[in-house]
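Counting starts at 1 for both ligands and their atoms, following the listed order.
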Amino acid sequence: MSDPPTPTVIILAAGQGTRMKSDLPKVLHEVAGRPMLMWTVEAARVITSDENIAVVIGHQADLVRAILPTGIKTVTQRDQRGTGHAVLLALEEGVGSEGVVVVVPGDTPQLRGEVLEQLVDFKTDSSSGVVLLTANVEAPTGFGRVIRDTDGTVVRIVEQRDATESELAVSEVNTSVYAFDAAALRAVIGDLKTDNAQQEMYLTDTVGLIRERGGVQAMVGDADDSLGINTLGQLADVDAVMRMRINQELMDSGVKILDPSRTYIDASVTVEPGATIYPDVYLQGGTTVADQAVVGPSVFAIDSEIGTGARVWYAVLREAIIGPRTEVGPYASVRKGTVADAGAKIGTFVETKNTHLGEGAKVPHLSYIGDARVGQNSNIGAGSITCNYDGFEKHETVIGDNVRIGSDTMLVAPVEVGDGAWTGAGSVISRNVSPGALAVERGNQKEIPDYAAKRKAKADDT
Ligand code: UD1
Ligand code: CA
């Protein structure tokens, strides 16, 4: 016996998502850092290959197409005349000519590939024309209700707006995820009417039509896996579900997360086992956290690398590389192009940008270091600043190894401080400093003896 043909997946993503009250197409809203449509694409990829996936687009089609992998087919639905109409257009373009046709809404990012796998297996093992994925929910308002007859067989789906009082009391809802037999779907899709509250072609009506020709079955799933997002409130609920899944997976792998409900790690982030994450941490984009690193409380990191055993707290990191055992914070802004080698320190109220700190280099307090290279084991005294901008251009500050920059030194770039050199506290350094030298730039200190007594005497006189 030959294998059955690989399933086709049709993802419905043409609607505007009016109930989101947002200009961004609904399917592009992010869930755990990834556009919701891409979660659905990833789930579809578990059961089929890209050439068997078609996405129906319409509202702001160019924006939606732009996020899709190139191998995936798109079908354009110019006017959104309903979920049935969207599927009809795909079938007319030759999508899903045989085998199992899985239809998935693009607004259900929490739907897992394994659930689609189970649905397809269910369909393959049965002779019914369609298997629906349903869920029992406490608050079914807004969803289509699954109507069964007295012996429990599914009869049809009725939409909220078209339902009677007793139908509204049904708590089993349509998730809008279906596995159709291609022939059964093709036989009925042309018969869909628009005699309903929204005057649309409802894909849900295929269920009643297929029932008359060979049976309908339902697979009851977990509500957390499959409820669609229609509002920003539901977006937040699903975001929480997805983040909890990510956190759970990380904890299972050996990442210590103190409070998963206050930890926001995007799907694109890597955290190695052995790392510890304190509350109020946001890890986004291509961020990676190595083993033994301790991150948080209160860290926002995007596209940054946090090395083995590094300690980062109360800090914002953007496109930064934090080396092994390096300390960052509390209260640090580590901007684009900061590279801190092993054992370095970016301390309290310190901002860095486009700066390389060598191994063991330290900027402990109250500094701005930008467009700079700081050599190994050098120390930048409190309150020191690289004056990198002359009002027209940015210039570089180069500090050698084992340098001691005195507190409150202004380094007027371009300027170089040689290996082992010192600068005196409060100096404005505008010329290069030779290796091993001390550069001081300061007015001489004057002293007026007995000033306090004289002043007091003057005050007593008046
Ligand atoms: C749909 C189902 C409902 C189910 C619910 C589950 C219908 C008629 N109703 O309702 O039974 O309980 O999903 O979440 O199918 N879309 C298009 N073209 C269109 C219309 C919609 O591509 O012409 C897309 C949307 O972009 C969206 C998906 O189809 O991704 C579902 O559409 P939506 O309007 O959200 O349907 P619901 O009212 O939620
Ligand atoms: Ca929906």
State if [X] counts as touching ligand 1 under the rule of any non-hydrogen atom under 4.0 Å.
X: His85; value: no
X: Met201; value: no
X: Asn230; value: yes
X: Arg19; value: yes

Run the numbers for me: atoms of ligand 1, each under 4.0 Å from some heavy atom of [X], listed by number.
X: Ala14; value: 17 (C), 18 (N), 22 (O), 26 (O)
X: Ser176; value: 1 (C), 2 (C), 6 (C), 13 (O)
X: Ala86; value: 18 (N), 22 (O)
X: Lys26; value: 35 (O)
X: Arg81; value: 23 (O)
X: Glu159; value: 2 (C), 3 (C), 7 (C), 8 (C), 9 (N), 10 (O), 11 (O)
X: Gln77; value: 17 (C), 18 (N), 19 (C), 22 (O), 23 (O)
X: Asn174; value: 2 (C), 3 (C), 4 (C), 5 (C), 6 (C), 11 (O), 12 (O)

Task: Shortest reach to atom 27 (C) of ligand 1 by a heavy atom, considering only Val55, Leu12, Ile10, Val146 - done: Leu12
- [ ] With sequence neighbours left out, write down each residue that passes side-chain hydrogen bond (donor to acceptor under 3.5 Å, both in side chains) with Gln160, or none if nothing qualifies.
- [x] Arg145
Side chain to side chain contact (heavy atoms under 4.5 Å, CB included) partner of [X], chosen from [options]:
X: Phe180; options: Ile210, Val87, Val100; value: Ile210
X: Val350; options: Val328, Val334, Val363; value: Val363
X: Leu116; options: Leu111, Val46, Asp121, Leu133; value: Leu111

Task: Ser268 side chain to Asp266 side chain, donor-acceptor N/O pair below 3.5 angstrom - done: no
Task: Residue pair Thr386 / Asn388, side-chain donor-acceptor N/O under 3.5 Å - done: no
TODO: Validate the cation-pi geometry between Arg311 and Tyr278: distance from NZ or CZ to the six-membered ring centre under 6.0 Å, angle to the ring axis within 45°.
DONE: yes
Would you check the N or O atoms of [X], main chain and side chain alike, for any that come under 3.5 Å of an N or O of ligand 1?
X: Pro105; answer: no
X: Gly82; answer: yes
X: Thr83; answer: yes
X: Tyr178; answer: no
X: Gly142; answer: no
X: Val27; answer: no
X: Tyr202; answer: no

Task: Listed once per pair and sorted, the ring pair (Phe, Tyr, Trp, His ring centres under 6.0 Å) pairs that draw on residues 89-142, sequence neighbours left out - done: none
- [ ] Not counting sequence neighbours, list each pair that qualifies as a ring pair (Phe, Tyr, Trp, His ring centres under 6.0 Å) and has a residue in residues 22-79.
- [x] none
- [ ] Locate the shortest heavy-atom distance separating Met38 from Pro69; write the atom from each residue and the value.
- [x] SD-CD, 3.9 Å
Open item on the list: Let's test this: below 3.0 Å, count the protein N/O/S atoms around the Ca ion (ligand 2).
Closed with: 2
Open item on the list: Using side-chain heavy atoms (C-beta onward) and a distance below 4.5 Å, is Thr288 in contact with Ile306?
Closed with: no
TODO: Report the distance from atom CD of Gln284 to atom CD of Glu30, rounding to the nearest 0.5 Å.
DONE: 8.0 Å
TODO: Begin from the C-alpha positions of Ile277 and Val255 and carry the test side chain to side chain contact (heavy atoms under 4.5 Å, CB included) through to its verdict.
DONE: CA-CA 8 Å; Ile277 313 289; Val255 175; 4.0 Å; yes
Open item on the list: Between Asn52 and Ser49, does the side chain to side chain donor-acceptor pair (under 3.5 Å) criterion hold? Intermediate values first, please.
Closed with: CA-CA 6 Å; Asn52 295 311; Ser49 49; 3.2 Å; yes
Between [Y] and [X], does any NZ, NE, NH1 or NH2 come within less than 4.0 Å of an OD or OE carboxylate oxygen?
X: Arg112; Y: Glu117; value: no
X: Arg262; Y: Asp280; value: yes
X: Lys73; Y: Glu51; value: no

Task: Nearest protein heavy atom with distance in Å, relative to atom 26 (O) of ligand 1 - done: Gly15 N, 2.8 Å
- [ ] May I ask you to identify, for His59, whether its side chain, its backbone, both or neither come under 4.0 Å of ligand 1 on a heavy-atom basis?
- [x] neither
